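In what follows, a structure is listed as structure tokens, so that the remarks can point back to it.
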Amino acid sequence: LVGASLAGRYLIVRRIGEGGMGAVYEAKHTVIGKRVAVKVLLEKFHSNRDLVARLLQEARLASSIGHENIVDVTDFGTTDDGRSFVVMEFLDGEPLAQLVMREAPLPVERSLRIARQVASALGAAHAKGIYHRDVKPENVYLVRRGDADFVKVVDFGISKAVKQGGEDPAESYR
């Protein structure tokens, strides 16, 4: 997809990585020039309605929380060859897993600052009845703000929305 234009608005610049169901690319919004990340469903899954629904759910749930420590999702669409994609803010940093592999053990104060931000993000999601269900160091992204780590929780792909007064939240983790 490098060099391709998606929805006439996103020029794919480079491939950043790949997960279980999608590849992530750096892209540029062609009208406003903003740098974004685009997760595109892998070609082998493009006709799998359940995975398309899951990607759309990820976009809806993550964007509905509106918390500074949760990746901002801004658009959803379909490529010319029928694959679904989600557009989100570009994060210039690294996953917590990568940092830990390189610098473990982290100082206690730094670990606590990171943990507080993750807890704040998850608390905001839980307040809206949304449960991430895949919190792990690979889904905690660190960007720098000044001299400090700033957390972005990513990948709400297997999240579950639970209605208030409905299903027991503990059930959402099964």
Side-chain angles (χ1 to χ4, degrees), residues 10 16-27 29 34-42 45 48-78 84-101 106 108-146 148-174:
Y10 306 104
I16 299 171
E18 185 173 315
M21 67 182 220
V24 180
Y25 297 88
E26 176 184 345
H29 192 290
K34 185 175 183 174
R35 198 172 169 197
V36 296
V38 180
K39 181 190 282 188
V40 181
L41 200 60
L42 295 176
F45 298 127
N48 183 321
R49 289 181 183 214
D50 290 337
L51 287 180
V52 170
R54 187 169 140 185
L55 188 65
L56 179 56
Q57 173 178 291
E58 174 182 2
R60 285 182 174 152
L61 292 178
S63 69
S64 73
I65 300 166
H67 189 276
E68 66 180 352
N69 293 116
I70 293 176
V71 67
D72 186 29
V73 176
T74 58
D75 201 359
F76 186 87
T78 307
S84 297
F85 66 85
V86 62
V87 180
M88 61 200 95
E89 69 181 299
F90 183 84
L91 301 176
D92 196 4
E94 67 181 336
L96 177 58
Q98 191 173 329
L99 173 71
V100 169
M101 291 296 291
L106 298 180
V108 172
E109 282 303 314
R110 185 176 190 189
S111 298
L112 289 173
R113 283 191 300 273
I114 292 168
R116 281 186 199 106
Q117 291 177 69
V118 172
S120 180
L122 296 176
H126 293 179
K128 296 216 175 187
I130 298 168
Y131 300 89
H132 190 286
R133 301 194 319 165
D134 196 23
V135 178
K136 58 186 178 185
E138 292 81 359
N139 289 337
V140 174
Y141 215 84
L142 302 175
V143 297
R144 299 297 292 175
R145 289 224 176 139
D149 295 307
F150 191 80
V151 167
K152 288 289 189 168
V153 176
V154 301
D155 199 354
F156 278 73
I158 62 170
S159 297
K160 187 168 188 176
V162 178
K163 294 182 181 175
Q164 300 296 339
E167 181 181 349
D168 176 359
E171 291 296 313
S172 68
Y173 290 95
R174 294 189 180 143

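Just so you know, these numbers come straight off a predicted model, no measurement behind them.
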Applying side-chain contact (heavy atoms from CB on, under 4.5 Å), run through Tyr10 and Val87 and close with a yes or a no.
CA-CA 9 Å; Tyr10 306 104; Val87 180; 3.7 Å; yes
Closest non-hydrogen atom pair, [X] against [Y]:
X      : Y      : value
Val24  : Ala37  : CG1-CB, 4.3 Å
Ile70  : Lys152 : O-NZ, 3.8 Å
Ala125 : Ile65  : CB-CD1, 3.6 Å
His132 : Asn139 : CE1-ND2, 4.0 Å
Thr78  : Phe85  : N-CE2, 3.3 Å
Leu91  : Val143 : CB-CG1, 4.0 Å

4.5 Å side-chain heavy-atom contact, [X] and [Y]:
X      : Y      : result
Leu106 : Leu96  : yes
Val52  : Phe45  : no
His67  : Val153 : no

Salt bridge (charged side-chain N to carboxylate O under 4.0 Å, His left out) between Asp149 and Arg113, worked out:
CA-CA 8 Å; Asp149 295 307; Arg113 283 191 300 273; 5.5 Å; no
Starting from the C-alpha separation in whole Å, work towards a yes-or-no answer on side-chain contact (heavy atoms from CB on, under 4.5 Å) for Lys39 and Asp155.
CA-CA 10 Å; Lys39 181 190 282 188; Asp155 199 354; 3.6 Å; yes
Look up atom [atom1] in [X] and atom [atom2] in [Y], then write down how far apart they are to the nearest 0.5 Å.
X      : Y      : atom1 : atom2 : answer
Arg110 : Leu142 : CZ    : CG    : 7.0 Å
Arg35  : His29  : CZ    : NE2   : 16.0 Å
Arg49  : Ser84  : CZ    : OG    : 11.5 Å
Phe76  : Met88  : CZ    : CE    : 10.5 Å
Tyr131 : Leu122 : OH    : CG    : 11.0 Å
Leu51  : Leu56  : CG    : CG    : 12.5 Å

Holding to side chain to side chain contact (heavy atoms under 4.5 Å, CB included), I want the full list of residues that pass it with Asp50, two or more places apart in sequence or in another chain.
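By the side chain to side chain contact (heavy atoms under 4.5 Å, CB included) rule, Asp50 matches Asn48.
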Could you tell me whether the side chain of Tyr141 and the main chain of Gly93 form a donor-acceptor pair under 3.5 Å?
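Yes, the answer is positive, given that a donor and an acceptor are paired below the 3.5 Å cut-off.
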